[in-house]
Amino acid sequence: MGAILHLHLLPHIPERKETGRKFLAKRAILSGNLDDRQNLQDEDPLKEDAMACTKVGTSPLPSTLSLGCFSWLFRILEALSVSFFLSFAGNCSLPGVLLLPWHPGHNQSHAAVVGRGQALRLESSATFHSLLIQEGGIVAFADDPEQPITLRAQSILLEDGGALYVGTAHCPYHSKATISLYGKSTEGANVEGYGQKFLGVGRGGILELHGKKPRSWTLLAKTLYPGGLRYGRYISEKHWSSRGLNVRIIDAGTAQVVAADRFDTHLLVDESQRLREFLAHQSPGHLIAMAVGDSAAKSLTMEMRFFLKNLLHSELILHLQYRQPWALVGILGGDASTTIEDAEQSPGNGTTRLAIAAKNMETYDGIGFRITAYSGWIKGVPHHGFKVEVLDGVILHLVDDVTSWLPGDEIVIASTDYSMHQAEEFRLLPCPECQKNQVKIDGIPLYLHMGEIVDGVDMRAEVGLLTRNILIQGEMEDSCYRPNHCQFFSFDTFGGQIKIQKNFTSVHMAGVELKNMGQQILGSYPVHFHLAGDVDERGGYNPPSYLDNLAIHHCFSRCVAIHGTNGLLVKDTIGYDTLGHCFFLEDGTEQRNVFHHNLGFLTKAGTILPTDRDEAMCLAMRDNVYGDYVPVPSKDCIIPNPDLYNLRYAKLDHVGIWYIFHWVPTGASEGQYPAGQSELTPLGRFYNNRAHSNFKACKHWRFWNAGLFIGKGVKTTKASAENPREYLTVDNARCVNKKFRPHQDADPQKPRVPAVIDGLIAFKNNDHGAWARGGEVIFQHCGFADNGIGLTLASDGTFPIDEGCSLEVSHSVFVGESSNAGSQGGQNSYWGRGSSGEYRTLPRNKTFPIRGFQIYDGPVRLTKCTFRKFTPTADRHASALGFFMKNAWQISPQNNVSLVRMERSVGLKVFLGKRGQWFGDNDNDGDKVSIFHDLDGSVTGYLDSFVGRADNYLIRHPGCLIVPRWNGMICTEKYAQLYIQAWRPENLTLSIARAAYDSHPLRLQGVNRGVSYQQYQPVVMLEQAYIVQWDGRAPEEVILYPVNFNRGDWIDVALCYPKGTVFTVVGDIYHQQIGKAHSVKYYMAASSHLSMLNGTEDERLFYFDNASGYLFVQLQAHEFRKGHSYCSQHGCERLKIMASMSSSLPGSCTPNPFLEKGFWKKASQPLRILQRAQPCSQCGSPWVAITSTPSVKYVRIQIQSARRGDVENFSKLAFIKINDEVFLFHNWGMLLVVLDACSGTVVSRQHFDTASTAKTVGTVTSYVEKSIKERSIVLICTRDITEVMAAYEMPIFTKLGSAKPVFFHKKGSFVMLGYNGNPRPPWIKIHSQTANQKSASLQYYVPLRLREYGCSTDVTKL
């Protein structure tokens, strides 16, 4: 097929007087006059090409152009300043180029080169050994829907102006194009800078790939159940040991098997009567399926046969014979047309005969299903069974318009459980009946995938499209081969790669699928921007470089690696099923890269970096450690790994989104920025991200698994004898310069800039929903649900290095055990009973103590948050608030909570741990001093109260209230911290007691951090006296810091020393930022304790009582302290005590020196709790739901019905609750409450007495038809269902969204969430329960003011 060339001249050519060769060339091409062309001078280098173009006739544009002709035209038109275009097909064009058709064929040994003056249109599939496009050469794929094109090569390189086009930004490619990279790692040589099996873009290279851009991914709008049915697919098959009549009862509205039994009517006569009684207890309207197992006829009485004939309209049961196969499916209470049955003749020996009865039905929410019963013999063995299965494919309801998704496309549905391995892939089927937000899948889901807001947190599963019309793939071997880490992988991991290097001319990729890409080799990734520098406007790129609407899946090393590159936009891109970190910023220097609305999940362990590896890899890969060092997985590798930065929605593996900080730039970026730059740089915008299903795999991993993790650094030095760990292993973020502390312009002298985590949704993470260590980190509008621990905020560092910082969470929701019970399988480790008594998946372990907000370090602030469903079980604790377990570090009394809402479903508000599993001895220093301040009493019920350990007598006093269930107490007092540094020796246990409770000292081990001093940090009550002793000779130097003391706050301290000790006591102010002390004042020895206490403000005195061995000092704050800072803005006041001891023995001191002194400053009297907190209407999150669509408002609906038994024993109320407004009803009957779907306003409510069925049906029908307007949300609840009401169906409910008339069950219960209007929304809910089932109830978060409702723009009341 000839090339289609559109030559567009400019509408006006400037008139200029020109002579010579250029003028002749212009006239020749414009006029088409052969004579003018022949007038070109013989020496003109264009002449040969010009004559070649005219040999075929007088037209200047022959149908087939030679390369020489093309070169001539190109140069002539360039001289003319004429605008011309490269055509792909139809009206698609590229400015500036003429194309030649190209059909190079297939030759795996051919190294093709496209260079200067060549612009080729690839019109058919081709194979090369390699393809080099350089020096202005162009290859463009033809866009012919009838001719898919596949380009195969071991390598493709674009450089020095070489360009590869598949579509353009203005005219996307519409056909099917494939670039297939082939070859084994053992074949061929590496290309310098690129390796093997690559598509490379070097200096001057142009890569423009623009396919169709379908919706990249969306969310489920309706929950997808295992098997496609709400109660799952049911399959039961038996061989021997199932003799008799086997019966299943199925709810016709839900497809749930509600009863199952076997009746041996072959051997036992009494079984006929038992069968009759069984059927009498079943509700009319239920489906019944029956099948003979082996034989059922011998003792089946004639009376029972007639009963079954009349009840089920069976034509065959009267004549059922010995071992005769028989199966029936019907409706209890239905007519003859509703029964399907089948029978076969009794089989002979070894024969096969099956009787099969099947019936198609529809659930209330419109899902078609089939019930099958079969009975018979297969090769002489009796078989019978039942199946309840979805009919004709499963339809997915999605949030967005997915009409761009086509039959044959591949999609993936993310897990909404703890294990990422519950993600499922499906192929789309044709679905003419689907609406624009629906698709039909080929296959049956194995797992539960949520499609709704659950307990106020958005758990809707992400659904991603994996198919694009431009595909770049690696060709793979059937299995792993050496040397590709086959000890870890059974499959081939040597995929293709795309590598973009510095000074490229243009790179834009949109609507591209990448499959089988990446290699387990450093630098070989599916898409890799390698040291490209600035790739946005700052680097001269206009438009800026971008990756848009990519589907990167089933790959072998990352998804997108951004290395030494700034300003790249990654948008609407999926990264699925890959090895190692997925979206990856490599050296810690990358800036201004934007990740918007991307999706990454199912990332698995890889080998490249220590932080990519799982436990086995971490232990086995020791080539880069020093000597015989054996890596420690929990410290070196963070098992396994994914690395996601600032994704709009992130659903990942073990760590979902991880901000890790390089103290200095690493790798090829070393030296580009000052040390500490990454930790000081403000975070940028973090908005509306998701992190869930991050799975904890390592039993030794203590707390590094999280949906979002902010913290830690990497080792930036090579392995050595001093530090044998591998380069880029994980370093602890608590150490100096390994913490996130953002400041304006990354300058620590300028103000801090809070890192705001806005709208994070973290659920079903096995360990943490989120963990953040740093200064000025604020979480707001976040949702945490079903995590082992919802959120932990840890301070900037350790005092006195950390000056104090603000860590806060506000306007957020915490859920302990949501209504998302999960599914077994998919590598979920724990399945057990939840607090409701029902089975569910569990985090970490069946006994793991679940906590919503975990307090650690501090100061942290929790305000305007809502907690729900934290209830302990017999196996484990579950509390809304808890403390870090086995904590050796400090806890600040400035940790505070306020305006917190604890819903009634919170069974344990606070838990401070107890000795046993998970908590160990619960005896570490931090465990003992756990404390937080309840500012308004919204947790404790008492204003301005503190919660602490009940056995901590440093803070306990007679006015405290002991709360045994918390293992804590509630106290009202003023508390601060005493920070003690001890030098020479550093291994002593400190004993500190308040003078009022000298028999209850607190023993602190200190924290050995490998430094030259030990530290202790007890919480103390102010204006009290304290006694400090040691388990050995006192340290030679002790430094006391009053931490969190306000000006004027004081404590008295007596320290035990050997007799005869000589002291030097110095007070000063230590400035943390500059590491220097100022305002030095030397203390003088007082002649007595009384004179020390009575000293003036200018006098600084101490007193040593040689007789008792106690040194008395008073620790008082003289400077103002602001906010959350530990100390004043001038620094931390401190008292240094240097002791010269003549004796090597420890001091022998009395237990309480203050009892012997009647003149020591009188301690303040502790306060009793007096003031109860008032009910708080403003407490809790103001948001009804935390969702990934924050522009959509929701209303929280709760409907609880009451069956006959509940009414008679007063065990349950019937009500409808809308947000916090409750509609109770106490009379028998049915309650309807109607809301406007646009505003959420209740517009009507109506109660119907169901004593008279005919009247009720007519009244309800009339009310629905005449009184309920379009765009109405309708809530329905019953209180008892009378016998007469149970005999009727309610067809009118189909107007409110039911797919078929609703059937009521006698003495049962019914609830419905309906909608009057079109189209039918996916959130319709109908539960109709029998008297033997739990009362029907539902909770749902209904979206308001959706476009589909047709709301007017002036509706503002939400």
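Keep in mind that this is a model prediction, so the values were computed, not measured. Each residue takes its place number in the sequence, starting with 1.
- For the residue pair Glu462 / His692, a side-chain donor-acceptor distance below 3.5 Å is found, with atom types taken as modelled.
- Using a 4.5 Å heavy-atom cutoff, the side chains of Cys1179 and Ser938 are in contact.
- Side-chain contact of Asp417 with Ser419: a donor-acceptor pair under 3.5 Å is absent, judged by distance alone.
- Thr866 places a side-chain heavy atom less than 4.5 Å from the side chain of Glu903.
- Distance alone, capped at 3.5 Å, is enough to place a donor-acceptor pair between the Ser812 side chain and the Cys782 backbone.
- The line from CG of Asn967 to CG of Leu912 is 6.5 Å long, rounded to the nearest 0.5 Å.
- The CD1 atom of Ile850 sits 8.0 Å away from atom CG of Asp786, with the distance rounded to the nearest 0.5 Å.
- Rounded to the nearest 0.5 Å, atoms OH (Tyr856) and CG (Leu793) are 12.5 Å apart.
- Contacts of Gln827 classified as side chain to side chain donor-acceptor pair (under 3.5 Å), with partners at least two apart in sequence or in another chain: His421.
- Cation-pi contact between Lys1300 and Tyr364: present, with separation from the ring centre below 6.0 Å and deviation from the ring axis of at most 45°.
- Between Asp1206 and Ser1211, the side chains place a donor N or O and an acceptor N or O closer than 3.5 Å (distance only, hydrogens not considered).
- Scored by the side-chain contact (heavy atoms from CB on, under 4.5 Å) test, Arg915 finds Asp921 as partners (sequence neighbours excluded).
- Of the N and O atoms on the side chains of His877 and Arg965, not one donor lies less than 3.5 Å from an acceptor on the other residue.
- Between Val906 and Phe867, the shortest heavy-atom distance links the atoms CG2-O, 3.4 Å.
- No hydrogens or angles considered: nothing links the side chains of Arg1196 and Tyr1340 as a donor-acceptor pair under 3.5 Å.
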Exercise for the section: Decide yes or no on salt bridge (Lys or Arg N to Asp or Glu O under 4.0 Å) for Lys1212 and Asp1280, but give the supporting numbers first. Expected result: CA-CA 11 Å; Lys1212 198 178 295 294; Asp1280 192 8; over 6 Å; no

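- Pro1182 is linked by a side-chain contact (heavy atoms from CB on, under 4.5 Å) to His811, Lys864, counting only residues two or more places apart in sequence or in another chain.
- In the model, Asn820 has no side-chain atom that pairs as donor or acceptor with a side-chain atom of Ser818 under 3.5 Å.
- The ring-ring contact (aromatic ring centres under 6.0 Å, His included) check on Trp1183 picks up His781, with sequence neighbours excluded.
- Residue Ile789 holds its CD1 atom at 4.0 Å from CZ of Arg851, rounded to the nearest 0.5 Å.
- In this structure, Asn922 contributes its side chain and Gly913 its backbone to a donor-acceptor pair below 3.5 Å.
- At a threshold of 4.5 Å between non-hydrogen side-chain atoms, the residues Ile1216 and Leu1231 count as touching.
- When all heavy atoms of Gly826 and Tyr447 are compared, the pair lying nearest together is N-OH, 3.3 Å.
- Among all heavy-atom pairs drawn from Cys1277 and Ile1199, the shortest one is CB-CG2, 3.6 Å.
- For the pair Met450 and Val454, the tightest heavy-atom approach, listed with the atom from each and the gap, is CE-CG2, 3.5 Å.
- Using the six-membered ring where Trp is involved, Phe919 and Phe911 have ring planes that are perpendicular, over 60° apart on the 30 and 60° scheme.
- The existence of a salt bridge linking Arg230 and Asp365 is excluded, since no basic side-chain nitrogen approaches an acidic carboxylate oxygen closer than 4.0 Å.
- For the ring-ring contact (aromatic ring centres under 6.0 Å, His included) test, no residue two or more places apart in sequence or in another chain qualifies with Phe932.
- Residue pairs that meet the salt bridge (charged side-chain N to carboxylate O under 4.0 Å, His left out) test with at least one member in residues 450-459, sequence neighbours left out, are Glu452-Lys1325, Asp455-Lys869, Asp458-Arg460, Asp458-Arg690.
- Formation of a donor-acceptor pair under 3.5 Å by the Ser1328 side chain with backbone atoms of Phe1303 is found in this model.
- Other residues, nucleotides and ligands contribute at most 12 non-hydrogen atoms within 6.0 Å of the CH2 atom of Trp1228.
- Annotation: ring-ring contact (aromatic ring centres under 6.0 Å, His included) contacts of Phe1293 (sequence neighbours excluded): Phe1310.
- Every residue meeting the side chain to side chain donor-acceptor pair (under 3.5 Å) condition with Arg949, not counting sequence neighbours, appears here in chain and number order: Asp951.
- Salt-bridge formation is not detected for the pair Glu1208/Arg1203: no Lys NZ or Arg NE/NH1/NH2 atom is positioned less than 4.0 Å from an Asp or Glu carboxylate oxygen.
- Across all their heavy atoms, Ile1281 and Ser1309 have their closest contact at CD1-N, 3.7 Å.
- Proximity of a side-chain donor or acceptor of Ser1298 to a complementary backbone N or O of Val1302 within less than 3.5 Å is not detected.
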Practice task
Test Asp927 against Lys886 for salt bridge (Lys or Arg N to Asp or Glu O under 4.0 Å), laying out the working first.
Solution key: CA-CA 6 Å; Asp927 300 330; Lys886 302 178 183 177; over 6 Å; no

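- Looking at Asp251, its side chain does come within 3.5 Å of a backbone N or O of Gly253 through a donor-acceptor pair.
- Tyr225 is listed as a side-chain neighbour of Leu448, based on a closest heavy-atom distance under 4.5 Å.
- The line from OG of Ser1201 to CG of Leu1213 is 11.5 Å long, rounded to the nearest 0.5 Å.
- Nearest heavy-atom pair, Val939 versus Asp934, reported as atom, atom and distance to 0.1 Å: N-OD2, 3.1 Å.
- Here Asn765 contributes atom CG and Met420 contributes atom CE; the two are 12.5 Å apart, rounded to the nearest 0.5 Å.
- Put simply, the side chain of Leu961 does not reach to within 4.5 Å of the side chain of Met969, judged on heavy atoms.
- Annotation: side chain of Phe853 is not in contact with side chain of Cys865 (no heavy-atom distance under 4.5 Å).
- For His449 and Thr223, the side-chain atoms include no donor-acceptor pair closer than 3.5 Å.
- With sequence neighbours excluded, no residue satisfies salt bridge (charged side-chain N to carboxylate O under 4.0 Å, His left out) with Arg1279.
- Taking the side chain as every heavy atom from C-beta outward, His1247 and Asn1227 approach each other to under 4.5 Å.
- Glu389 contributes no side-chain N or O that, together with a main-chain N or O of Arg233, makes up a donor-acceptor pair within less than 3.5 Å.
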Exercise for the section: Mind running side-chain hydrogen bond (donor to acceptor under 3.5 Å, both in side chains) on Thr847 and Asn845 for me, showing each step along the way? Expected result: CA-CA 5 Å; Thr847 61; Asn845 187 288; 2.9 Å; yes

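- Shown here are the side-chain contact (heavy atoms from CB on, under 4.5 Å) partners of Tyr231, two or more places apart in sequence or in another chain: Thr254, Gln256.
- The ring-ring contact (aromatic ring centres under 6.0 Å, His included) search around Phe779 returns none, not counting sequence neighbours.
- Inter-residue side-chain proximity for Val258 and Ile250 is flagged as unmet; no heavy-atom pair is nearer than 4.5 Å.
- Judged as a side-chain contact (heavy atoms from CB on, under 4.5 Å), and not counting sequence neighbours, the contacts of Ala1185 are Ile453, Thr1187, Tyr1194, Tyr1341.
- A parallel orientation is assigned to the rings of Phe814 and Phe784, their planes being inclined by less than 30° (bins at 30° and 60°).
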